[in-house]
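Scroll down for the structure; my scribbles are underneath it.
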Amino acid sequence: MPIYRFEDLKDVRQNPGLSSGHGESIKGERMYFCHRIWEAGTEAKPHYHACEQFIYIMRGRQRFTMGGEVFELGPGDVIHIPANEVHAAEMIEEVEAIYVKDTTWSLKGVAAGEAAPDAPPPDDPF
């Protein structure tokens, strides 16, 4: 079906070892479209993906680290994360965001300093 409502989809933690974020995901043939919530005081540990990603902050504030720089992101900000770029975030407030990733990799990241597996790890069911 081409029309979705997040409230009708399963709330999943795709990367519990790396990120406290949870929410709903839609997978198309070439892209993921995801709604995520991170509670205040939680984090996304340093990690990377073998695909690029865009994150649009809808509400809340976070301290985002990428490429040796630290950014404070809030509502209306969009960050572009290139493929294989290590990034991390600390939630200053509860954060609600939408992110878009291409499907050349799964929704799961790889911890910073670890080599990527030969194939993308499987997504948790959603």
Side-chain angles (χ1 to χ4, degrees):
M1 179 163 111
I3 300 170
Y4 302 88
R5 295 186 60 81
F6 283 130
E7 58 263 23
D8 296 335
L9 302 175
K10 187 175 179 180
D11 185 326
V12 175
R13 287 188 193 273
Q14 286 289 337
N15 246 346
L18 294 175
S19 175
S20 62
H22 62 91
E24 307 83 15
S25 302
I26 300 165
K27 183 178 182 181
E29 288 182 36
R30 296 186 180 141
M31 24 182 346
Y32 292 101
F33 189 84
C34 305
H35 172 246
R36 289 291 181 267
I37 304 269
W38 293 265
E39 284 77 20
T42 65
E43 68 179 343
K45 295 176 182 175
H47 67 284
Y48 66 96
H49 314 268
C51 61
E52 66 182 325
Q53 177 179 9
F54 287 92
I55 301 174
Y56 168 67
I57 307 297
M58 297 167 55
R59 67 178 171 83
R61 301 200 72 72
Q62 67 176 242
R63 193 167 297 105
F64 195 89
T65 303
M66 182 173 71
E69 294 186 66
V70 178
F71 309 90
E72 189 169 311
L73 304 177
D77 289 332
V78 177
I79 190 156
H80 174 223
I81 304 164
N84 299 308
E85 183 73 41
V86 173
H87 55 284
E90 299 170 44
M91 306 313 139
I92 299 166
E93 303 169 353
E94 182 176 85
V95 171
E96 181 176 15
I98 296 292
Y99 70 74
V100 178
K101 291 174 75 172
D102 69 68
T103 58
T104 58
W105 193 257
S106 76
L107 288 173
K108 295 184 178 177
V110 178
E114 290 184 11
D118 293 334
D123 291 323
D124 293 322
F126 53 86

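Just so you know, these numbers come straight off a predicted model, no measurement behind them.
A side-chain donor-acceptor contact under 3.5 Å links His22 and Glu39. Using modelled atom types and a 3.5 Å distance limit, the side chains of Tyr56 and Asp77 yield no donor-acceptor pair. Counted by atom type alone, Arg13 and Ser19 present zero donor-acceptor pairs between their side chains at under 3.5 Å.
Lys108 is not listed as a side-chain neighbour of His49, based on a closest heavy-atom distance of 4.5 Å or more. Side-chain contact check for Glu43 versus Lys45: some heavy-atom pair is nearer than 4.5 Å. In this structure the side chain of Gln62 never reaches within 4.5 angstrom of the side chain of Ile92, judged on heavy atoms. Under the 4.5 Å side-chain criterion, counting only non-hydrogen atoms from C-beta, Phe126 is in contact with Gln14. Side-chain contact between Val100 and Tyr32: absent, with no pair of heavy atoms (C-beta onward) separated by less than 4.5 Å. Annotation: side chain of Phe64 is in contact with side chain of His87 (closest heavy-atom distance under 4.5 Å).
The two residues Gly74 and Ile57 come nearest to each other via the heavy atoms O-CB, 3.3 Å. Taking every heavy atom of both residues into account, Ser106 and Pro120 meet most closely at N-CB, 3.8 Å. Smallest separation of non-hydrogen atoms from Thr42 and Ser20: OG1-OG, 2.6 Å. Taking each heavy atom of Asp11 and Gly23 in turn, the nearest pair found is OD1-N, 3.2 Å. The two atoms that bring Gly28 and Thr103 nearest to each other are O-CG2, 4.0 Å, heavy atoms only. Taking all atoms of both residues into account, the shortest heavy-atom contact from Pro75 to Arg59 is CG-CA, 3.9 Å.
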Go through the steps to decide whether Val95 and Ile37 satisfy the test side-chain contact (heavy atoms from CB on, under 4.5 Å), and finish with yes or no.
CA-CA 6 Å; Val95 171; Ile37 304 269; over 6 Å; no
Please lay out, stage by stage, how Phe6 and Ile26 fare under the test side-chain contact (heavy atoms from CB on, under 4.5 Å).
CA-CA 9 Å; Phe6 283 130; Ile26 300 165; 4.1 Å; yes
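A continuous path of Ile, Leu, Val, Met, Phe, Trp and Tyr side chains, each step under 4.5 Å between heavy atoms, connects Phe33 with Leu9, placing both in one hydrophobic cluster. Note on Met91 and Met58: separate hydrophobic clusters, where clusters join Ile, Leu, Val, Met, Phe, Trp and Tyr whose side-chain heavy atoms are under 4.5 Å apart, directly or indirectly.
Salt-bridge annotation for Glu93 and Arg61: absent, with no side-chain N of the basic residue lying under 4.0 Å from a carboxylate O of the acidic one.
Tested against His80, the residues Phe71, Tyr99, Phe54 include a single ring-ring contact (aromatic ring centres under 6.0 Å, His included) partner, Phe54. With Val12 as reference, Asp124 is the one residue of Asp124, Asp123, Leu107 to meet the side-chain contact (heavy atoms from CB on, under 4.5 Å) rule.
Separating the NE2 atom in His35 from the CD atom in Glu7 is a distance of 9.5 Å, to the nearest 0.5 Å.
Clustering of Ile, Leu, Val, Met, Phe, Trp and Tyr by side-chain heavy atoms under 4.5 Å joins Val86 with Tyr48, Trp105, Val110.
Side-chain atoms of Asp102 do not come within 3.5 Å of backbone N or O of Arg30 as any donor-acceptor pair.
By the side chain to side chain contact (heavy atoms under 4.5 Å, CB included) test, Glu85 pairs with Met66, Ile81, Pro82, sequence neighbours left out.
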